[in-house]
**Student:** 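Just passing along the structure, written as structure tokens.
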Amino acid sequence: MTKKSPDPDHRLAFNPRSLGLEEFSRDFFRLDTTVVAREIIGSWFARRHQNKWYAARIVETEAYLGSDDAAAHSWRGRRTRRVEPMYLDGGHLYVFFVYGMHCCANIVTQPAGIAQAVLLRAAEAPEGSLPKLLSGPGRFCAALGITTESSGTDLLSNGDFRLFRGKAAHGKIGVSKRIGVDYAGEAADWPLRFFETNSPAVSGPASLRGKST
DNA sequence: CACATGATCGCCT
DNA sequence: GGCGATCATGTGG
């Protein structure tokens, strides 16, 4: 049994389709994982629940590079029931449960069979000014009511989860090592975390907000 | 900011 | 049995 599905926070009620935003193509999610991680900064992650839409604007992501990445669940080709959705085609959802109380959501990248993904770490509410609501992967899932029962869902089959391209300019994008993977040897220092430098919703210590490109 | 701790449980060895 | 892609809270610098 997985966790029961809570309602999304009502303050996230929003339908990106009303803005005429476009969805990403399947091929986009098959691109290099670091490219996808960077490109989806500023995009809208949307979810339908009980016939209402909720959405948040992504401002922080991390790339997980599969079998060669000691920080990835699919390191060394590990293939268990939990990780299995990582092996799906790009554009699927991979959600896992950690620390006995939190869920983390990823978007799978690369063609089927290559288990890489982008962790969604932080986002902003449609109306803004709710800095902590979506700051951190656990809170992101909690606010949107995302649980492991949605792991394996396809974002590109007109379902309840979708990703829309952002319209406005993203601003500067910062880069740093990933958070919470210090056990991963040299992979722990790889610069695979991307974030919108001027967003108040970005998680993690200020010490990781220095560099930008 | 850095560091420490507790909560809480599915997953893997 | 141990630990984690976390968070909230508390301490100290």
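Proteins come first, then strands; the chains are lettered A, B, ... in the order of their sequence lines, and each starts at number 1. Since the structure is predicted, the reported quantities are computational estimates derived from the model, not experimental observations.
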**Student:** Is A:R193 positioned over the aromatic face of A:F195, cation under 6.0 angstrom from the ring centre and no more than 45 degrees off axis?
**Tutor:** yes
**Student:** Heavy atoms from C-beta onward define the side chain here; which of B:dA7, C:dG4, B:dA2 lies closest to that of A:Y183?
**Tutor:**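 Nucleotide nearest to A:Y183's side chain: C:dG4.
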**Student:** Enumerate, in order of first residue number, the stems that involve DNA chain B, defined as 3 or more consecutive Watson-Crick or G-U wobble pairs with both distances under 3.5 Å.
**Tutor:** B:1-7 with C:6-12, B:9-12 with C:1-4
**Student:** Would you mind telling me which of A:W53, A:W44, A:Y54 makes a ring-ring contact (aromatic ring centres under 6.0 Å, His included) with A:F14?
**Tutor:**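 Between A:F14 and the candidates, ring-ring contact (aromatic ring centres under 6.0 Å, His included) is satisfied uniquely by A:W44.
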**Student:** Between A:E196 and A:R57, is there a side-chain N and carboxylate O pair less than 4.0 Å apart?
**Tutor:**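 Yes, A:E196 and A:R57 are salt-bridged.
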**Student:** Roughly, in whole Å, what's the span from CZ in A:R178 to C1' in C:dA5?
**Tutor:**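 Value for this atom pair: 8 Å.
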**Student:** Checking contacts here: which listed nucleotide (B:dG10, B:dA2, C:dA5) is nearest the side-chain heavy atoms of A:F97?
**Tutor:**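 Nearest to the side-chain atoms of A:F97, counting from C-beta on, is B:dG10.
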**Student:** Scan A:A184 against the nucleic acid and name what it touches under 4.0 Å (heavy atoms): base, sugar-phosphate only, or nothing.
**Tutor:**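 A:A184: no heavy atom of the nucleic acid under 4.0 Å.
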**Student:** State whether A:R121 places a side-chain N or O below 4.0 Å from either non-bridging phosphate oxygen (OP1 or OP2) of C:dT6.
**Tutor:**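 Result: yes.
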**Student:** Under the criteria of a ring-centre distance below 5.5 Å and an interplanar angle below 30°, is A:Y99 stacked with the base of B:dA7?
**Tutor:** no
**Student:** Rounded to whole Å, how long is the line connecting atom NE2 of A:H73 with atom C1' of C:dG4?
**Tutor:** 7 Å
**Student:** Taking CZ from A:R209 and C1' from B:dC1, how many angstroms apart are they, rounded to a whole number?
**Tutor:** 12 Å
**Student:** Is any side-chain N of the basic residue among A:R38 and A:D32 closer than 4.0 Å to the acidic one's carboxylate O?
**Tutor:**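 Salt bridge absent between A:R38 and A:D32.
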**Student:** For the pair made of CH2 in A:W190 and P in C:dA5, what is the distance, rounded to whole Å?
**Tutor:**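 Answer to the nearest Å: 15 Å.
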**Student:** Provide, to the nearest angstrom, the distance between the CG atom belonging to A:D182 and the C1' atom belonging to C:dC3.
**Tutor:**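 For the pair A:D182 CG and C:dC3 C1', the rounded distance is 15 Å.
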**Student:** Whole-Å distance between B:dC11 C1' and A:M101 CE?
**Tutor:** 15 Å
**Student:** Output the single nucleotide from B:dT8, B:dG10, C:dT6 whose closest atom is nearest the side chain of A:P137.
**Tutor:** C:dT6
**Student:** Please state how far atom CZ in A:F140 lies from atom P in C:dA5, giving the value in whole angstrom units.
**Tutor:**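 That distance rounds to 18 Å.
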**Student:** Would one find a side-chain N or O of A:S207 under 4.0 angstrom from OP1 or OP2 of B:dA2?
**Tutor:**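 True: A:S207 side-chain N/O within range (under 4.0 Å) of B:dA2 OP1/OP2.
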**Student:** Could you tell me whether A:R30 and A:D89 have a side-chain N and a carboxylate O separated by less than 4.0 Å?
**Tutor:** yes
**Student:** Could you check which of B:dC1, C:dC7, C:dA5 has an atom nearest any side-chain atom of A:C104?
**Tutor:** C:dA5
**Student:** Ring of A:F194, cation from A:R121 - is the NZ or CZ under 6.0 Å from the centre and inside 45° of the axis?
**Tutor:** no
**Student:** Does the gap between the ring centers of A:F45 and A:F140 come in under 6.0 Å?
**Tutor:**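 Ring centroids of A:F45 and A:F140 are less than 6.0 Å from each other.
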**Student:** Select base, sugar-phosphate, or nothing to describe what A:R139 touches, counting heavy atoms under 4.0 Å on all strands.
**Tutor:**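 Here A:R139 touches the backbone only, sparing every base.
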**Student:** Take atom CD1 of A:I146 and atom P of C:dA5, then tell me their distance rounded to the nearest Å.
**Tutor:**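 It is 18 Å, rounded to the nearest whole Å.
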